[in-house]
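Along the sequence shown, residues carry numbers from 1.
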Amino acid sequence: MATSSVQEIRPASLDSTSQPPPLFDGTTRLYISYICPFAQRAWITRNAKGLQDKIKLVPINLQNRPAWYKEKVYPQNKVPSLEHNNKVIGESLDLIKYIDSNFEGPSLLPDDPKKQKFAEELIAYSETFLTEVYGNFKGDIEKHTGPQFDYLEKALEKFDDGPFLLGQFSQADIAYAPFIERFQILLKEVFNYDITSGRPKLAKWIEEVNKLDGYIQTKADPKEVVDNYKKKNLA
């Protein structure tokens, strides 16, 4: 992974009082929210390829969204979205692939066909993973969410040429990283459940991901993650 050493100052989030940037002027813009894990996928991809100077970050306040974002940028009114070549595309998994394929920088997919096939399987499964974990934040956490973390532990055993899902950091890791970040925080804080217990490869994966500058710069505030969860679910 090209862990760019560029240390960005996070721009202020735009809200309903903010004017739009000069839209469709040739600038490539990635619209995100700092707290959104789906947007974080695209943000990590941008950073991993060293595109901080090529793709401008435009954070949106999801609690007070500017009207122009829906009207002029992305009718779905969610993040992430990418303004590129006079069009706007969205959906986080699509954007991981799009940014990797359409911009300069190191490829985030290995040349090995077996690894590429496994990457497709992992990325496709990520939606099931999220549904199963998010949908079972209750009762017996180990029983209901443990199998999903076991899935990742087993996946990490497939290739032994590096600590990541395909050996080297890839699109597959990006698909999971923002959610593992949040699940580790929330399950420990709210349910006293350690997702790395008995899962040494997952523990190593988390350790190694947290060494990557391009990822570190995208991490959410743990307190905000917990506070948002408690506000929505424990009020």
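- Heavy atoms only, all atoms of each residue included: A12 and P59 are closest at O-CG, 3.5 Å.
- Atom CG in D53 sits 12.5 Å away from atom OG1 in T28 (nearest 0.5 Å).
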key: Audit row: I174, F169, side chain to side chain contact (heavy atoms under 4.5 Å, CB included) steps and yes/no   = CA-CA 8 Å; I174 293 171; F169 191 77; 3.6 Å; yes
What side-chain donor-acceptor pairs closer than 3.5 Å can you find for residues 84-94, not counting sequence neighbours?
{"unit_1": "H84", "atom_1": "ND1", "unit_2": "Y98", "atom_2": "OH", "d": "2.8"}
{"unit_1": "E91", "atom_1": "OE2", "unit_2": "K78", "atom_2": "NZ", "d": "3.0"}
{"unit_1": "S92", "atom_1": "OG", "unit_2": "R41", "atom_2": "NH1", "d": "2.8"}

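- Follow the hydrophobic side-chain contacts under 4.5 Å out from I44 and you never reach V79; the two are in separate clusters.
- What you find for R10 and K219 is that their closest heavy atoms are NH2-O, 2.9 Å.
- Formation of a donor-acceptor pair under 3.5 Å by the K115 side chain with backbone atoms of L166 is found in this model.
- The salt bridge (Lys or Arg N to Asp or Glu O under 4.0 Å) pairs that include a residue from residues 143-154 are D150-R199, where partners are two or more places apart or lie in different chains.
- For the pair P11/Y34, a side-chain contact is recorded, criterion being any heavy-atom separation below 4.5 Å from C-beta on.
- Y134 has its side chain out of reach of T145: every pair of non-hydrogen atoms, C-beta onward, lies at least 4.5 Å apart.
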Show, in sequence, the C-alpha distance, side-chain angles and deciding distance for S33 and F38, and conclude whether the side chain to side chain contact (heavy atoms under 4.5 Å, CB included) test is met.
CA-CA 9 Å; S33 164; F38 294 96; over 6 Å; no
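- Every residue was checked against the ring pair (Phe, Tyr, Trp, His ring centres under 6.0 Å) condition with Y193, not counting sequence neighbours, and none meets it.
- Note: L30 CG to I99 CD1 = 5.5 Å, rounded to the nearest 0.5 Å.
- Under the 30°/60° scheme for interplanar angles, the aromatic rings of F129 and F183 are found to be tilted.
- Put simply, CD1 on I55 and OG1 on T27 are 12.0 Å apart, with the number rounded to the nearest 0.5 Å.
- Among residues two or more places apart in sequence or in another chain, the ring pair (Phe, Tyr, Trp, His ring centres under 6.0 Å) test is passed with Y229 by F137.
- Taking the six-membered ring where the residue is Trp, the centroids of W205 and Y176 are separated by 6.0 Å or more.
- I180 and I35 fall within the same hydrophobic cluster, defined by Ile, Leu, Val, Met, Phe, Trp and Tyr side-chain heavy atoms under 4.5 Å apart, directly or through other members.
- A cation-pi arrangement, defined by a distance under 6.0 Å to the six-membered ring centre and an angle within 45 degrees of its axis, is absent between K54 and F103.
- If you take CD on E224 and NZ on K231, they are separated by 8.5 Å, rounding to the nearest 0.5 Å.
- In terms of the side-chain contact (heavy atoms from CB on, under 4.5 Å) criterion, residue partners of S18 (sequence neighbours excluded) are, by chain and number, L14, D15.
- Within the structure, the side-chain hydrogen bond (donor to acceptor under 3.5 Å, both in side chains) test picks out the following pairs touching residues 59-68 (sequence neighbours left out): S16-N64.
- Side-chain atoms of D173 come within 3.5 Å of backbone atoms of S170 as a donor-acceptor pair (strictly under, hydrogens ignored).
- Every residue two or more places apart in sequence or in another chain was checked for a ring pair (Phe, Tyr, Trp, His ring centres under 6.0 Å) with Y74, and none qualifies.
- Grouping the Ile, Leu, Val, Met, Phe, Trp and Tyr side chains by contacts below 4.5 angstrom, directly or via other members, places V73 apart from I32.
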Inset, instruction - In sequence, state the C-alpha distance, the side-chain angles, and the governing distance for L212 and F164, and then conclude on side chain to side chain contact (heavy atoms under 4.5 Å, CB included). - result: CA-CA 12 Å; L212 302 175; F164 300 109; 4.1 Å; yes
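- Looking only at side-chain heavy atoms (C-beta outward), I141 and N136 stay at 4.5 Å or farther from each other.
- Interatomic distance, I195 CD1 to F149 CZ, rounded to the nearest 0.5 Å: 4.5 Å.
- The hydrophobic cluster containing I206 also contains I185, counting ILVMFWY residues as joined when their side-chain heavy atoms lie under 4.5 angstrom apart, directly or transitively.
- For Q168 (side chain) and G162 (main-chain N/O), no donor-acceptor pair under 3.5 Å exists by modelled atom type.
- For the pair T45 and K97, the minimum side-chain heavy-atom distance is 4.5 Å or more.
- A distance of 11.0 Å separates CG of L130 from CZ of R182, quoted to the nearest 0.5 Å.
- Q19 CD: 12 or fewer foreign heavy atoms inside a 6.0 Å radius.
- Residues K201 and E157 form a side-chain contact, since some pair of their non-hydrogen atoms from C-beta on lies under 4.5 Å apart.
- For the side-chain hydrogen bond (donor to acceptor under 3.5 Å, both in side chains) test, residues two or more places apart in sequence or in another chain that qualify with E83 are R29, Y31.
- For the pair Y215/N47, no side-chain contact is recorded, criterion being any heavy-atom separation below 4.5 Å from C-beta on.
- Counted by atom type alone, Q171 and D100 present one or more donor-acceptor pairs between their side chains at under 3.5 Å.
- Residues F191 and L202 fall within the same hydrophobic cluster, defined by Ile, Leu, Val, Met, Phe, Trp and Tyr side chains chained together at heavy-atom separations under 4.5 Å.
- A search for side-chain hydrogen bond (donor to acceptor under 3.5 Å, both in side chains) contacts involving S13 returns nothing, not counting sequence neighbours.
- The two residues F118 and L165 have their closest heavy-atom pair at CE2-O, 4.0 Å.
- Residues forming a side-chain hydrogen bond (donor to acceptor under 3.5 Å, both in side chains) with Y125 (at least two apart in sequence, or on another chain): Q148.
- With sequence neighbours left out, K117 forms a side-chain hydrogen bond (donor to acceptor under 3.5 Å, both in side chains) with E121.
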Extract all donor-acceptor atom pairs below 3.5 Å that involve side chains of residues 106-113 and protein atoms in other chains or at least two apart in sequence.
{"unit_1": "S107", "atom_1": "OG", "unit_2": "L109", "atom_2": "N", "d": "3.2"}
{"unit_1": "S107", "atom_1": "OG", "unit_2": "L109", "atom_2": "O", "d": "3.0"}
{"unit_1": "D112", "atom_1": "OD1", "unit_2": "K114", "atom_2": "N", "d": "2.9"}

Q.
For E181 and Q40: C-alpha separation, side-chain torsions, deciding distance, then whether side chain to side chain donor-acceptor pair (under 3.5 Å) applies.
A. CA-CA 11 Å; E181 173 187 330; Q40 191 179 356; 3.0 Å; yes
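- Looking only at distances, no side-chain donor or acceptor of S197 sits under 3.5 Å from a matching main-chain atom of D194.
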